[in-house]
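Structure, as structure tokens:
Predicted model only: the values in this text are computed from it and were never measured. Every chain is numbered from 1 and lettered A, B, ... according to where its sequence line falls, protein lines coming before strand lines.
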Number of protein chains: 2
Amino acid sequence: MTANTEVLLGDCLEVMGQIETGSVNLVYLDPPFFTQKSHKLVTRDRQREFSFDDVWASHTEYAHFIFERLQEIKRVLHPTGAIFFHCDRNASHIVRILLDEVFGAENFRSEIIWHYRRWSNAQKNLLPAHQTIYFYTLSDGYTFNPQFGEYSASTNVDQIWQRRRRDENGKSVYELDENGEAIPNGVKKGVPLSDVWDIPYLNPKAAERTGYPTQKPVLLLEQIIKIASNENDLVLDPFCGSGTTLVAATLLGRRALGIDISEDAVAIARRRLVAPTKTESNLLLLGRDAYKSADEEALALLQGLAFVPVQRNRGIDAFVTSDINGYLVPIRVQRPEESIPEAALHLYRSASTKNAPLMILVALREGGYFAFANELPPEVVVVDGPALSINKVIAEFLRRREADGMLQAHPPSA
Amino acid sequence: MTANTEVLLGDCLEVMGQIETGSVNLVYLDPPFFTQKSHKLVTRDRQREFSFDDVWASHTEYAHFIFERLQEIKRVLHPTGAIFFHCDRNASHIVRILLDEVFGAENFRSEIIWHYRRWSNAQKNLLPAHQTIYFYTLSDGYTFNPQFGEYSASTNVDQIWQRRRRDENGKSVYELDENGEAIPNGVKKGVPLSDVWDIPYLNPKAAERTGYPTQKPVLLLEQIIKIASNENDLVLDPFCGSGTTLVAATLLGRRALGIDISEDAVAIARRRLVAPTKTESNLLLLGRDAYKSADEEALALLQGLAFVPVQRNRGIDAFVTSDINGYLVPIRVQRPEESIPEAALHLYRSASTKNAPLMILVALREGGYFAFANELPPEVVVVDGPALSINKVIAEFLRRREADGMLQAHPPSA
DNA sequence: TACACCTCTGAATCTTCCA
DNA sequence: CTGGAAGATTCAGAGGTGT
């Protein structure tokens, strides 16, 4: 366990009492739902006035339980802090009312829909495929790091990046410069993240391999933590269970505090956190693999080349189809989390047993061939991938422009 | 207007009073939200016991309004009938409680999430991209016509076509015939419809628009009507607005009754029903993929680069996320059937209207930069893709080996 | 603090233009 | 003339601004 992560045993109401007021930046919670007797309401005649008391009778116990804890959460939250409440499907309306009461309806930010696809069995119903997460803050001045996604396929991205103005009739038109040409409108990162999140469940195979039972996907927690906290912020999960929130927080450089009333859960969470970065980043990567296979991505880079893909080999992604006098030419693509020397080492280890006289490594990030030329085995030749080549071309272009003093045909729109 | 469709003017509570008990098969409603004074709750100290009365104070008026009408709806519903309640975002929790009260929590069927993409501008927030529809029935014996969608791309369709059984450990395995071959399992209809519906929002430019606020797409109503009613059934919309529900019902051969308190709305709805039509949305007709011109393969080559994909443009596959003094840097990947000059021309045509000072073309096949350097527009810079780089490295390696006379350490294995 | 007004935006259509 | 690609247009929601 790192010094910045703690798991405490106990009822979160009591344990939170020891937390300093205003010291927590982000709270995520996914409390258990108390199933109680269905408590049928009797009055159904149309004469009688509607009374809210009836509705509440059956939910009181749960509501009180949550209400008390929400108040304590409110106390420990920093003024810029936020709470994400992952609802049981049967209680989302109750939860929202309690959140409105404790944090104020004006501090409601989003109803997040976590959408996933599930294995289906035909039944007389719509297949449940979502869960709800409520996002409230303590005030207007909350921490929020915008995230961006891809534009819709039907959007003319190339044209909405032009500057626009209102004409005399109030109509929106594209602005033109003195030469009658379109004026670019700076750079955009993409569409702001919406409140519907399409995140798959953890790949069942991944769960099997790591031995963890199915749980909230790390990606879901990652997303929440990225949005509503900064590095070194304190993340609290009052019902931490096996500690997924803590793992995600730790991996993103946040401090984390978990509480659970079950000794088993605390033990599991603590064990998971002993070496979070190494083992858990594997889990995290496996979770990502459920999204799209990293190996497939790597091979996509080789399109146009005649190659034979290699499965189940950490060092080699493919061989070139033709040989060099009987020797195969192995290829490896740099992975997102790897440096060039690391990738080269993997490649070299796998390929040297096959006496390959030439090994090719496709580099995707800075620190290409020249930076490491001396450290790499002589058989390994590093080739720039398109990402790297393009960045170099742009850098070179800028350098030359600056030298020519040809800058600023249009000033940035700022 | 067909004989089977009627639009009545008035408060739905009164008008519904004239409807025969148990005669309506399906009710859809999307009532207006009553914005009331924000009515701040005062007690926030932790000493005080939580009382539900506080929460309700500000919602009472709206709740009563809805409650009365829900009871009337319950009365006119057929025993096999269903109600779909389209919620205002700010009142969904209130609505669900009222529905639980009137129809019983045991008759809750689904919380349907209507998910859509829309113009945006939320800079400090998650972009709202969904609305909620609650689906309740009068009893367990409700009308339900299952709908099916396409299997997701990641589903192994081969596998689901095989018959399965439980082995001795209760594990699900594929059944094999005496020859050890898979047994087909008959025809599958597809994936049962889930409770998250991805239906395009009514676009500002859509001809379907009547100018009436909160107008819903016909397709959304069609889906509901198909699921929960049969031909000649009676569909009721007590807040029919511009009459989308009636249009959808009529098009599907249902009888329809609409009520609205606004004369304008009734007039619009009646006019619309003279020739009930559904506009053909290109997006729905063609599917989202039809807009994609930068194919996955091309974009896969750019991994590791910060870029924004560009669809709907034959010349440009992506823009680099950073800019050159306000100007965008377009990228194009050579297509399998294209020569470099052809690809460069496409790129140049599209990008020159945007005054791009630098355009990047990723080459995948022989005949790279030098072969055409003189023919290409000066703005276009050609960058070798991995396939090309690798082939060049191998060729260079062979050349050098040959020069060194070091060939044939091992003879070719063939 | 409250509210009216202004600005920015992007999904998806409609319109125009070109081969 | 036709089909498709490129360009123009619309409009409501959310934040920001100013009174």
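- B/N203 places its CG atom 9 Å from the P atom of C/dC14, with the value rounded to the nearest Å.
- Nucleic acid contact for A/V191: sugar-phosphate only, since backbone atoms but no base atoms lie under 4.0 Å from a heavy atom of the residue.
- A/Y151 comes within 4.0 angstrom of the backbone, heavy atoms only, and of no base.
- A donor-acceptor pair shorter than 3.5 Å can be found between the side chains of A/E111 and A/Y134.
- Residue B/R314 places no side-chain atom within donor-acceptor reach of the base of D/dG4, judged by atom type and a 3.5 Å distance cut-off alone.
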Just do the salt bridge (Lys or Arg N to Asp or Glu O under 4.0 Å) check on A/E150 and A/K189 with the steps written out, would you? CA-CA 9 Å; A/E150 290 203 354; A/K189 297 179 187 119; over 6 Å; no

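- Note that B/R117 lies outside the cation-pi zone of B/Y201, set by a 6.0 Å cut-off to the ring centre and a 45° limit from the axis.
- Under a cutoff of 6.0 Å and an axis angle of 45°, B/K216 and B/Y28 do not form a cation-pi pair.
- Considering only side-chain N and O atoms, A/S152 lies nowhere under 4.0 angstrom from the phosphate OP1 or OP2 of C/dG10.
- Proximity of residues 143-150 of chain A to DNA chain D (heavy atom under 4.0 angstrom from any strand atom) is not detected for any residue.
- Taking 3.5 Å as the limit, the base of D/dG4 and the side chain of B/R312 contain no donor-acceptor pair of atoms between them.
- Close to D/dA6, at under 4.0 Å from its OP1 or OP2, lies no side-chain N or O of B/T353.
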So which protein nitrogen or oxygen atoms get under 3.5 Å of nucleotides 15-19 of chain C's nitrogens or oxygens?
none

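- Phosphate contact (OP1/OP2 of C/dA11, side-chain N/O of B/R118, threshold under 4.0 Å): absent.
- Residues B/R118 and A/S194 have side chains that never bring a donor and an acceptor to within less than 3.5 angstrom of each other.
- Taking atom CD of A/Q162 as the reference point, atom P of C/dG10 lies 14 Å away to the nearest angstrom.
- Not a single donor-acceptor pair, N or O on each side, falls under 3.5 Å between the base of C/dT9 and the side chain of A/R163.
- Evaluation of atom-type donor-acceptor distances gives a pair under 3.5 Å for the side chain of A/Q159 against the base of D/dA8.
- One axis for each end of the helix from C/dA2-D/dT19 to C/dA19-D/dT2, each built from five base pairs, and the angle between them comes to 20° at 10° resolution.
- OP1 or OP2 of D/dG13 has not a single side-chain nitrogen or oxygen of B/K124 nearer than 4.0 Å.
- The structure places NE2 of A/H130 at 12.5 Å from NE2 of B/H115, a figure rounded to the nearest 0.5 Å.
- The residue B/N313 sits close only to the backbone: its heavy atoms come under 4.0 Å of sugar-phosphate atoms, none of a base.
- For B/N125, a side-chain nitrogen or oxygen approaches OP1 or OP2 of D/dG15 to under 4.0 Å.
- Atom pair A/D195:CG and D/dA14:P shows a separation of 10 Å (rounding to whole Å applied).
- The NE2 atom of B/H130 sits 15 Å away from the C1' atom of D/dG13 (whole-angstrom rounding).
- For the 3.5 Å distance criterion, the side chains of A/N25 and A/S229 fail to qualify, holding no donor opposite an acceptor.
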Between B/Y116 and B/W197, is a ring pair (Phe, Tyr, Trp, His ring centres under 6.0 Å) present by the stated rule, with each step listed? CA-CA 8 Å; B/Y116 47 82; B/W197 296 357; over 10 Å; no

